[in-house]
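Here's the structure we're looking at; comments come further down.
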Amino acid sequence: MDTVAAPVKLTAAEVEKLDPYALMAVLGKRVIHPGGRRSTHELFQRADIQAGQQVLDVGCGVGSTAIETAQHFGAHVTAADISPLMLERARANVRAANVEGRVKVMEADILNLPFPDNSFDRVIAEAVTMFVDRPLAARELVRVCKPNGRVLTTEFLWRKPPTPEARQIFLGEVCPGLNFDTLDDWVNIYREAGLEDVQVTSGPFEMMTPGGLLKGEGLVNSAAVMGRALTRLSYMKKMAWLMPRMNRAVPYLGYVTVSGLKPSN
């Protein structure tokens with residue numbers, strides 16, 4: 001996706017309340033999950049998405065993965081999120097990418113998806129399950145997937161045991177409410193939800209590092225994101241609070257991708 005819609009305008013008080021994901025969306029960042037483009041492409045390699053298939057992208061954020069899925073594979077994508085801000089950004093980006101005929105953006109809660117059983121050929125959820133009741137969310141993803149379809153997710157994990165300070169900074173201050181742990185924990189959650197042939201990849205957290213920004217956004221949009229961050233005092237204050245805390249947690253953070261098959265029975 002090369003086109004990014006114009007960022008939204010918020011008050012200083014609204015900026016102060018933004019979580020890191022929402023802040024990056026407001027600044028115009030296109031890839032907002034722990035593994036960046038690398039983890040998305042790892043999911044694509046296992047997804048085997050075919051033209052005309054029905055794909056659900058839960059927690060679609062600003063719509064980047066949904067748009068890429070429609071453009072590159074010719075699939076019909078339902079992009080769902082619970083956040084009004086993310087839905088606004090996703091709809092704007094879908095319009096800017098001219099894929100409104102193949103990507104439908106709608107509000108939905110991962111814990112209570114408004115779709116019948118066995119609705120989608122592929123179900124994607126990038127960095128969503130960790131915010132909610134993980135076993136329940138995993139069961140919902142599997143429920144709406146068709147038999148012989150695939151569920152594909154990206155989640156945070158600790159690449160090595162964090163110090164108490166790093167754990168408190170990230171889970172207590174930067175992203176309160178997140179719940180994640182080891183690779184084995186994630187595998188067990190999705191197996192217990194009903195998936196077979198569960199496969200995983202993992203790697204470092206790079207989303208908010210300089211190298212990760214360049215890899216995910218490219219030079220032009222990286223410069224645009226950083227430029228926007230300098231246009232308002234409220235953005236600069238928020239970044240000044242966020243980045244030192246992220247830097248203390250990043251050495252311990254990583255991502256895991258999980259893909260699994262929903263059995264025919």
Determine whether [X] and [Y] make a side-chain contact, defined as any pair of heavy atoms from C-beta on separated by less than 4.5 Å.
| X | Y | value |
| --- | --- | --- |
| Tyr255 | Leu157 | no |
| Glu192 | Pro135 | no |
| Pro204 | Arg38 | yes |
| Phe73 | Gln53 | no |
| Phe170 | Phe205 | no |
| Phe44 | His72 | no |
| Thr69 | Asp57 | no |
| Ile67 | Val94 | yes |

_Ignoring hydrogens, what is the shortest heavy-atom contact between Ala138 and Tyr190? Give both atom names and the distance._
CB-CE2, 3.7 Å

*Work out which heavy atom in Pro162 is nearest to a heavy atom in Tyr252; give both atom names and the distance.*
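Scanning both residues, the minimum pair turns out to be CA-CD2, 3.5 Å.
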
[Y] backbone acceptor or donor facing [X] side chain under 3.5 Å:
| X | Y | value |
| --- | --- | --- |
| Asp197 | Leu261 | no |
| Arg245 | Val174 | no |
| Trp186 | Phe156 | yes |
| Arg46 | Val258 | no |
| Lys238 | Glu16 | yes |
| Asp81 | Leu87 | no |
| Asp121 | Gln54 | yes |

Kindly list each side-chain donor-acceptor pair under 3.5 angstrom involving residues 109-119, sequence neighbours excluded, with atom names and distances?
from	atom 1	to	atom 2	distance (Å)
Asp109	OD1	Leu111	N	3.0
Asp117	OD1	Arg143	NH1	2.8
Asn118	OD1	Lys262	NZ	2.8
Ser119	OG	Pro116	O	2.6

*Answer yes or no: are there more than 12 heavy-atom neighbours, outside Asp133 itself, under 6.0 Å from its atom CG?*
yes

*Would you find more than 12 non-hydrogen atoms of other residues, nucleotides or ligands less than 6.0 Å from Glu100 atom CD?*
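Atom CD in Glu100 is crowded, with more than 12 foreign heavy atoms closer than 6.0 Å.
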
Hey, what do you get for [atom1] ([X]) to [atom2] ([Y]), rounding to the nearest 0.5 Å?
| X | Y | atom1 | atom2 | result |
| --- | --- | --- | --- | --- |
| Arg91 | Met86 | CZ | CE | 13.5 Å |
| Glu140 | Thr129 | CD | OG1 | 11.0 Å |
| Leu141 | Leu136 | CG | CG | 9.5 Å |
| Asp48 | Ser259 | CG | OG | 11.5 Å |
| Lys160 | Leu253 | NZ | CG | 11.0 Å |
| Leu195 | Arg139 | CG | CZ | 12.5 Å |

_Check: Thr40/Glu68 side-chain N/O donor and acceptor closer than 3.5 Å_ = no

*asked:* Holding to side chain to side chain donor-acceptor pair (under 3.5 Å), I want the full list of residues that pass it with Thr201, two or more places apart in sequence or in another chain.
replied: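 Partners of Thr201 by the side chain to side chain donor-acceptor pair (under 3.5 Å) criterion, ordered by chain and then number, come out as Glu42, Thr257.
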
